[in-house]
Amino acid sequence: MKNRSVGALATTAALALLLTSCAQSQRETDDAGDNGDGATGTQSAGGGAEASDATFVFGAAGAPTTFDPFYASDGETFRVTRQIFQNLIGIQPGGTEAVPELATEWTSEDGLVWDFTIQEGVKFHDGTDLNAEAVCANFERWADQNEAGQSPSGAYYFGNDFGFGEDSLYKSCEATDEFTAQVTVSRVTGKFPMVLSQASYAIQSPTAMDQYKANDIKLEGEAFVFPEYATSHPTGTGPFTFESYDNAGGTVTLARNEDFWGDKAGVASLVFKIIPDEAARRQELEAGTIQGYDLPNPVDWQALKDAGNQVLIRDPFNILYLALNPVADPQLEDPLVRQALYHALNRDQFVTSQLPEGAEVATQFMPSTVTGWDDSIAAYEYDTEKAKQLLEQAGKSDLTIELWYPSEVSRPYMPDPQRVYDQVKSDWEAAGITVETVTKPWAGGYIDDTQASRAPAFFLGWTGDLNSADNFLCAFFCGDDNQFGTSAYDWHGELQDAIRAADAEADEAKREALYKELNTNIMSPEWLPGLPISHSPPALVVAANVQGMQPSPLTAEDFSTVTITE
């Protein structure tokens, strides 16, 4: 478990700086790009390792939904795009602290107008120069979305973090000189500018985005159709370039960027082989056809180590939850029904039997390492008889409900979705609830449908992008069309006001108190929009001859530091 004061730095740094006459990034780097703690900065991505002609094949748990991170919300997409793109603000390798990346510093006098100093001598993969105009082109592109882009499943992060239209947090971006981009926001907020470290806000080539019509996203029926840019021409400044996506063969191939402005990647080629089944990933590692994979089953960790592999365990910075959406099923508007579904769930047994050592039962919708977590909130107790009584009181003793779970994927918070589903189905049936099963592929309808309020009860989770209460709570509950369908409840407006008020509070102590109060209300019997289940320390595994892979609590691993020895 991370130290709270360290974990909160990415969020509180912005607030502390706002209270001074000039807000400025604090990190100093030497010529080698050292962070001061022995870790190599993101601008020296290769860590000085000797580059080779080797290929590193990594077993991915699911297929990317797109190669344009602006339209993504899932970790399998971001795992790939993080290698292609970079952000203005990066994340400390192996940690959660914000560090300079394409911006060397950022300053503000009032928390509204921010000057970003842009790294000089950087080119996009297509040869376009990185400068302040290119940065502003990205901000303007983010805000200028068509109807499909503004939908909940379109530009998901921007919709949650900034919003569109007159009420948007974003106001303008101006290139005040060649390497200074001045960004103006509409209100003081603790999330800005640290929110720019999230993968969705990668800086992309304006030339390529114009040439391949990056904003031409369309919604046909219930599915998005992405423009050519997002499928074949993602163009960033990162240590790898996009080479190909073999959809039929299930492989994404990236090539080393030989003109990268920092240290070159340690391997010439990086291949993500999509292997949804965890057992199949393990078999391929044992056969030597891949050199690593994510989310090994916790029961296999020791055996993998015994075989000479390296099991790299991340600090837990995630949550698995069961979302309930009354827009999809009005029966869920009754708080007695939601309470019953919660009391029927044996989360202690689930955590003990299915998750690795160090996993915890969740009491609220964020892990304990995030400032704003309230230690006074007790876990709802497992009580099948009480669940039956609540259903009878609600007039729903014969409750039937659809329960959705994803296929063709493993997630850091949910190593085996089928087993999670089986556990909850069994618990609910013991309380007299009839469960109707719905399953869809993760990248084949599940994400789109759950985000669009088509699923009454479904499993989903979140790995934090930065250490911020808003990054968890707003991701779940912001907006009139959030995935929990809270617009159907009479307390929806109160929830939205409370989220905005907490985010806008500049005083750190007062802000923490507001988030604690908000967590208490969300978990109260009257609100209870969903069921937080667990926090889990996920792992990734690499072969014995793989060096340089540093696990990230945000699952934001940098593959350019990897080398392979004979």
Side-chain angles (χ1 to χ4, degrees), residues 55-65 74-77 79-80 246-252 270-314 316 318 320 349-359 403-426 437-447 459-461 463 533-534 536-546 549 551 555 557 559:
T55 295
F56 180 46
V57 184
F58 189 83
T65 56
D74 64 291
E76 294 306 325
T77 294
R79 188 200 312 280
V80 176
D246 180 357
N247 191 13
T251 57
V252 180
L270 172 60
V271 177
F272 293 99
K273 186 173 183 180
I274 301 161
I275 312 171
D277 182 68
E278 189 277 333
R281 294 198 294 274
R282 180 181 177 182
Q283 290 171 0
E284 294 222 25
L285 179 70
E286 293 170 342
T289 51
I290 64 175
Q291 288 82 49
Y293 68 91
D294 204 357
L295 309 177
N297 193 313
V299 300
D300 295 333
W301 287 6
Q302 190 57 51
L304 287 165
K305 293 178 184 177
D306 293 343
N309 300 295
Q310 305 169 68
V311 176
L312 309 176
I313 302 173
R314 305 175 176 107
N318 58 41
L320 166 66
Q349 182 185 73
F350 167 76
V351 169
T352 301
S353 63
Q354 295 196 34
L355 298 180
E357 183 179 351
L403 179 59
W404 291 42
Y405 74 95
S407 62
E408 300 182 15
V409 74
S410 296
R411 301 305 306 132
Y413 44 79
M414 185 170 49
D416 190 335
Q418 172 77 57
R419 292 184 65 191
V420 177
Y421 166 82
D422 289 342
Q423 169 86 48
V424 173
K425 180 175 184 288
S426 176
T437 305
V438 178
T439 183
K440 293 189 176 185
W442 177 261
Y446 189 81
I447 291 295
F459 299 103
L460 208 54
T463 297
I533 297 175
S534 58
S536 181
L540 66 163
V541 58
V542 293
N545 65 338
V546 175
M549 176 70 80
T555 65
E557 283 80 23
F559 285 72

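By convention here, the first residue in the shown sequence is residue 1.
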Specify the closest pair of heavy atoms between [X] and [Y], including all atoms of both residues, with the distance to one decimal.
| X | Y | value |
| --- | --- | --- |
| S534 | L355 | OG-CD1, 3.4 Å |
| G62 | V409 | CA-CG2, 4.5 Å |
| P537 | G358 | CD-C, 3.9 Å |
| P417 | P406 | CB-O, 3.3 Å |
| D277 | A280 | OD2-N, 2.9 Å |
| P356 | P298 | CD-CG, 3.4 Å |

For [Y], is there any backbone N or O sitting under 3.5 Å from a side-chain donor or acceptor partner on [X]?
| X | Y | result |
| --- | --- | --- |
| E557 | M549 | no |
| Q310 | A543 | yes |
| T77 | P64 | no |

Any [X] side-chain heavy atom under 4.5 Å of [Y] side chain:
| X | Y | answer |
| --- | --- | --- |
| E284 | Y293 | no |
| L285 | L304 | yes |
| V80 | E76 | no |
| Y405 | V424 | no |
| F459 | I533 | yes |
| P538 | L540 | no |
| F350 | L320 | yes |
| T65 | I447 | no |

About how many Å separate [atom2] of [Y] and [atom1] of [X], when rounded to the nearest 0.5 Å?
| X | Y | atom1 | atom2 | value |
| --- | --- | --- | --- | --- |
| R282 | I290 | CZ | CD1 | 12.0 Å |
| I275 | Q283 | CD1 | CD | 10.0 Å |
| L403 | D422 | CG | CG | 10.0 Å |
| L312 | W301 | CG | CH2 | 10.5 Å |
| D74 | T463 | CG | OG1 | 11.5 Å |
| L295 | Y413 | CG | OH | 9.5 Å |

Exercise. Give the intermediate values and the outcome of salt bridge (charged side-chain N to carboxylate O under 4.0 Å, His left out) for residues E408 and K440.
Key: CA-CA 8 Å; E408 300 182 15; K440 293 189 176 185; over 6 Å; no
Quiz prompt | Name of the residue among N297, V299, V420 meeting side-chain contact (heavy atoms from CB on, under 4.5 Å) with Q354 | solution = V420
Quiz item: With respect to D294, which candidate in K273, R411, R314 satisfies the salt bridge (Lys or Arg N to Asp or Glu O under 4.0 Å) definition?
Solution: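 Testing each of K273, R411, R314 against D294, the sole residue satisfying salt bridge (Lys or Arg N to Asp or Glu O under 4.0 Å) is R314.
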Quiz prompt | side-chain contact (heavy atoms from CB on, under 4.5 Å) between Q423 and S353, intermediate numbers included | solution = CA-CA 10 Å; Q423 169 86 48; S353 63; 4.3 Å; yes
Quiz item: Mind checking whether F58 and F559 have parallel, tilted or perpendicular rings, split at 30° and 60°?
Solution: perpendicular
Quiz item: Can you list the steps and then say if R281 with E278 is a salt bridge (charged side-chain N to carboxylate O under 4.0 Å, His left out)?
Solution: CA-CA 5 Å; R281 294 198 294 274; E278 189 277 333; 5.5 Å; no
